[in-house]
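One structure is given here, and the rest of the page talks about it.
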Amino acid sequence: MSSLPAILVLEDGRVFRGRSFGAAGETFGELVFSTGMSGYQETLTDPSYRGQVVLMTAPHIGNTGWNDEDDESGRIWVQGLIVRDPAPRPSNWRSRRSLDEELARQDVVGISDIDTRALTRHVRDRGVMRVGISTETQDPALLLARVLEQPTMAGADLVGDVTTDSHYLVPAVGQRRATVVAVDLGIKSMTPVQLAARGLDVHVVPAHTTFEQIKGYAPDGVFFSNGPGDPASATGPIAVLEEVLASGLPYFGICFGNQLFGRALGLDTYKLKFGHRGINQPVIDRTTGKVEITAHNHGFAVDAPLDRATSTRFGEVTVSHVCLNDDVVEGLELHRDGRLLGFSVQYHPEAAAGPHDANYLFDRFADMLSAGKDA
Ligand SMILES: NC(=O)CC[C@H](N)C(=O)O
């Protein structure tokens, strides 16, 4: 493992010193923390982390190395990784190489030997902010000047960086029940697999696909995925979603897809102080009163009244799910003429690593699409 010294500078001038981990060099992004005790490989390969430097609050990271199965996409997307204690020797039957080696192989700069508890508490007090990590300079003032030149996450339009170049089909497993177009705003590999497992033919399409092109696949419903950046900046996909809703096609959205649903319905989105990132967040389903333990990765949220429905030009919107930690909106439902037309969640029913409490949402969507076909 490399023993180069490295420094970390926050945009408010706070400095931490550690050691180089993964690739040497310099990197910048928005510093966010994830509280998952496991799942670092899935976190690093989640396209929603584009533009962000991730701090893992679990102190020992890399224990199970890096395998060939758990990636959520084709590469690591985080701008950088901050850990306390990297595992010097991975131990797992699936491990192919160490986390340190994989970071270096993909040229991702990391830093270890950081007091991650102090840094997390700082971010929790002051809010998320830009950060720089460097092995190239040990001068905090120099690095700080470069941190302050970086773009902020508020206003960031990053979907174009992560979306697929072209259409692909994930065919239904078993008997085909219906067809869905899944708009890839940064989709994770498990999501089409979960949909296909429920008998749906899944046409995954690039983020810039028009409504006319979507209709060309003759879908029974439309899905919008998770994704990076500020939902307010995704004006193209929001306009397409408005056309989808006007057409009456059933809709399901996850995370970014929940935020864009909110915006298409005329609700606002806002930036959270430090976001939700982890795999044990309690969320209440307000229809059933049941609590789900869920995986989260979001820095923005939908602003909607919890206590009443909102009338929109597409129908009545209600908040279906709420986070029990802080009352943040975690799900929306749209009803028109007494019928459920669309729903979305801010958290991740496809969670990996993570609990599977929310898996039923994929069943709900598949049932909705096949019911629409029979009607
Ligand atoms: N996982 C996601 O889809 C994240 C959505 C959005 N980029 C946010 O940070 O809130």
Side-chain angles (χ1 to χ4, degrees), residues 29-36 39 42-55 72-73 76-79 123 127-130 151-164 182-192 194 204 207 223-238 241 252-264 267-279 281 283 294-304 321 323 325-326 328-332 344-354 358 361:
E30 178 184 61
L31 168 55
V32 296
F33 61 87
S34 172
T35 57
E42 291 87 337
T43 297
L44 297 178
T45 53
D46 176 351
S48 301
Y49 280 111
R50 176 74 170 163
Q52 292 172 322
V53 172
V54 175
L55 176 158
E72 294 200 323
S73 69
I76 294 177
W77 285 104
V78 303
Q79 301 300 127
V123 169
V128 288
M129 59 183 99
R130 290 167 292 175
T152 59
M153 189 52 70
D157 180 8
L158 302 172
V159 164
D161 296 351
V162 299
T163 189
T164 178
V183 178
D184 174 6
L185 307 164
I187 205 164
K188 300 191 207 170
S189 40
M190 274 317 283
T191 306
Q194 288 280 2
V204 183
F223 170 82
F224 272 36
S225 77
N226 61 289
D230 184 341
S233 300
T235 47
I238 292 168
L241 183 46
F252 176 33
I254 292 179
C255 208
F256 206 55
N258 174 66
Q259 297 165 353
L260 300 197
F261 190 36
R263 291 200 74 93
L267 299 167
D268 229 337
T269 49
Y270 64 98
K271 195 153 173 25
L272 296 164
K273 189 175 178 192
F274 50 81
H276 297 180
R277 294 174 189 85
I279 59 176
Q281 311 261 340
V283 164
T294 59
H296 289 209
N297 167 21
H298 64 107
F300 293 85
V302 175
D303 188 10
H321 294 78
C323 183
N325 289 337
D326 55 9
V328 162
V329 171
E330 292 291 337
L332 298 171
S344 61
V345 284
Q346 187 60 65
Y347 53 92
H348 294 277
E350 81 289 358
L361 292 164

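We count ligands from 1, going down the list as the structure has it; atoms in each ligand are counted the same way.
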With no hydrogens and no angle check, do the side chains of Q346 and H276 hold a donor and an acceptor under 3.5 Å apart? no
Polar-atom distance check: I254 versus ligand 1, any N or O pair below 3.5 Å? no
Does the side chain of I76 reach to within under 4.5 Å of the side chain of Y49, using non-hydrogen atoms? no
What I want to know is whether Q259 and ligand 1 share at least one N or O pair that is separated by under 3.5 angstrom. yes
Do the side chains of H298 and V328 get nearer than 4.5 Å, heavy atoms only? yes
Interfacing atoms of ligand 1 (cut-off 4.0 Å, heavy-atom, G299): 8 (C), 9 (O), 10 (O)
May I ask you to test the H321-V329 pair for a side-chain heavy-atom distance under 4.5 Å? no
Does ligand 1 have any atom sitting under 4.0 Å from a heavy atom of M153? no
With heavy-atom distances below 4.0 Å as the criterion, list the atoms of ligand 1 near H348. 1 (N)
Under 3.5 Å, is there a donor-acceptor pair linking the side chains of N297 and D46? yes
Do you see a donor-acceptor pair shorter than 3.5 Å between the side chains of S48 and N226? yes
Closest protein heavy atom (residue, atom, distance) for atom 1 (N) of ligand 1: N297 O, 2.9 Å
What orientation do Y347 and H296 show, parallel under 30°, tilted 30 to 60°, or perpendicular over 60°? parallel
Using a strict cut-off of 4.0 Å, indicate which atoms of ligand 1 neighbour a heavy atom of H298. 8 (C), 9 (O), 10 (O)
Any N or O on C255 sitting closer than 3.5 Å to an N or O of ligand 1? no
Counting heavy atoms only, which of G229, S48, G227 comes nearest to atom 5 (C) of ligand 1? G227
Any atom of ligand 1 sitting under 4.0 Å from a heavy atom of Q346? no
Atoms of ligand 1, numbered as shown, that sit under 4.0 Å from any heavy atom of P228: 7 (N)
Under 4.5 Å between any side-chain heavy atoms of F261 and F224, yes or no? no
Any N or O on F300 sitting closer than 3.5 Å to an N or O of ligand 1? yes
